[in-house]
Amino acid sequence: MHRKGSLLLTALTALAVTAAAPAPGPASPAVLAESAPTGFASVDAWGQNGTTGGAGGPTVTVSTAADLIAAVKAEGPRIVRVNGMITLPAGMYDVSSDKTIVGVGASSGISGGGLNIGLPASDSVTSPPANAVHNVIIRNLTFKNASDDSINVQMFSHHIWIDHNDLSAGYDGLIDIKRGSSYITVSWNHTHHHAKNMLLGHSDKNGAQDIGRLKVTYHHNWYDRTPQRNPRTRFGDPVHIYNNYFFDNSDTGPACNADSGCFIEGNYFDDVEEPMTNSYSGPEGNIVERNNVFVGDTGEPVTGGSVEDPADYYDYTVDDPQTVKDAVVRGAGPGTIGL
């Protein structure tokens with residue numbers, strides 16, 4: 001079922017700086033060179049070999065709401081280039097399989113509405129359907145002022161890469177992943193000015209869809225003053241959380257509940273009230289913690305239980321956590337990957 005992917009991510013080096021978030025600077029060439037996902041989106045599973053998005057399909061450039069909505073929903077592989085900030089009417093807009101949705105330059109994106117990756121929600125479907133949405137890449141975009149979620153992934157959608165985006169000021173979640181979705185990588189995103197940040201698994205009662213699924217990698221994200229759901233997880237095991245920068249999260253960093261298993265390593269926690277917990281709310285989860293940095297007014301981690309090892313699924317390299325703050329602040333968000 002699982003084949004190890006490869007990770008060619010060069011360790012980024014920088015001096016550790018003060019507890020205040022530094023101003024972004026030029027991105028490292030290692031960030032610019034990253035052209036394929038690492039983590040769970042790279043794994044061969046469920047009939048899909050890694051995540052390639054719209055590769056092999058036509059490239060279209062859109063600058064209006066109508067054109068964007070039509071392009072992301074169209075059948076077949078397609079690379080959709082979003083040119084400028086596009087205001088969508090309130091609501092969620094469906095993305096079909098085999099799509100790359102990528103911003104042009106550093107200031108393109110979506111406001112008002114959000115993107116939905118997945119079939120309509122149904123409790124009666126308890127295994128991945130043949131037509132589950134899959135193989136979607138979302139990169140280099142700004143999402144703001146969404147009327148619902150900025151990005152929602154549901155109903156066994158798989159092989160999704162959400163990378164180098166800026167997300168803020170939505171109504172509900174910025175990146176929610178639920179209902180059996182799996183083989184997903186969330187990397188190099190900057191989230192800010194928002195409370196309910198990232199949710200993995202929407203209900204303690206949804207084990208029929210979620211147990212054995214919700215396999216997600218979160219790496220090199222900047223959780224910038226987002227109070228909670230950084231992420232909040234249920235059932236997924238392993239959930240791999242490495243080399244992220246957590247800054248001034250007033251409630252908690254990762255909160256791993258409902259039998260989820262979080263493997264948390266090589267992160268930099270900076271003024272985080274409760275850096276990680278497996279007993280946040282509802283049934284307890286499991287956390288393995290190793291080689292994290294805790295600075296400033298950061299509390300004690302709450303850990304325990306057993307978690308599957310992500311190395312059983314894919315190869316990866318963890319950067320020195322002392323370098324993570326500088327690397328993530330410089331590299332996260334749009335405008336750093338040459339698109």
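When a residue number appears, it is its place in the shown sequence, counting from 1.
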Excluding sequence neighbours, so at least two apart, what forms salt bridge (charged side-chain N to carboxylate O under 4.0 Å, His left out) with Asp204?
Arg234

With sequence neighbours excluded, tell me which residues meet salt bridge (charged side-chain N to carboxylate O under 4.0 Å, His left out) with Glu284.
none

If a pair satisfies disulfide bond (SG atoms under 2.5 Å apart) and one of its residues is in residues 94-127, list it, with sequence neighbours excluded.
none

State plainly whether one hydrophobic cluster holds both Ile110 and Ile69, where clusters connect Ile, Leu, Val, Met, Phe, Trp and Tyr through side-chain heavy atoms under 4.5 angstrom apart.
yes

Enumerate the disulfide bond (SG atoms under 2.5 Å apart) contacts for residues 115-203, please, sequence neighbours excluded, ordered by first and then second residue.
none

Under 3.5 Å, side chain of Asp163 to main-chain N/O of Val186, donor-acceptor pair present?
no

According to the disulfide bond (SG atoms under 2.5 Å apart) rule, which pairs have a member within residues 242-339, sequence neighbours left out?
Cys256-Cys262

Kindly write out the residues that satisfy salt bridge (charged side-chain N to carboxylate O under 4.0 Å, His left out) with Asp148, not counting sequence neighbours, or none if the list is empty.
none

What residue pairs, at least two apart or across chains, pass disulfide bond (SG atoms under 2.5 Å apart) with a residue in residues 37-103?
none

All side chain to side chain donor-acceptor pair (under 3.5 Å) counterparts of Asp149, not counting sequence neighbours
none

With sequence neighbours excluded, residues passing side chain to side chain donor-acceptor pair (under 3.5 Å) with Asp251
Tyr280

List in chain and number order the residues that pass salt bridge (charged side-chain N to carboxylate O under 4.0 Å, His left out) with Glu274, two or more places apart in sequence or in another chain; answer none if no residue qualifies.
none

With a cut-off of 3.5 Å and sequence neighbours excluded, list every side-chain donor-acceptor pair involving residues 70-86.
from	atom 1	to	atom 2	distance (Å)
Arg81	NH1	Thr61	OG1	2.7

Enumerate the salt bridge (Lys or Arg N to Asp or Glu O under 4.0 Å) contacts for residues 257-268, please, sequence neighbours excluded, ordered by first and then second residue.
Glu265-Arg290

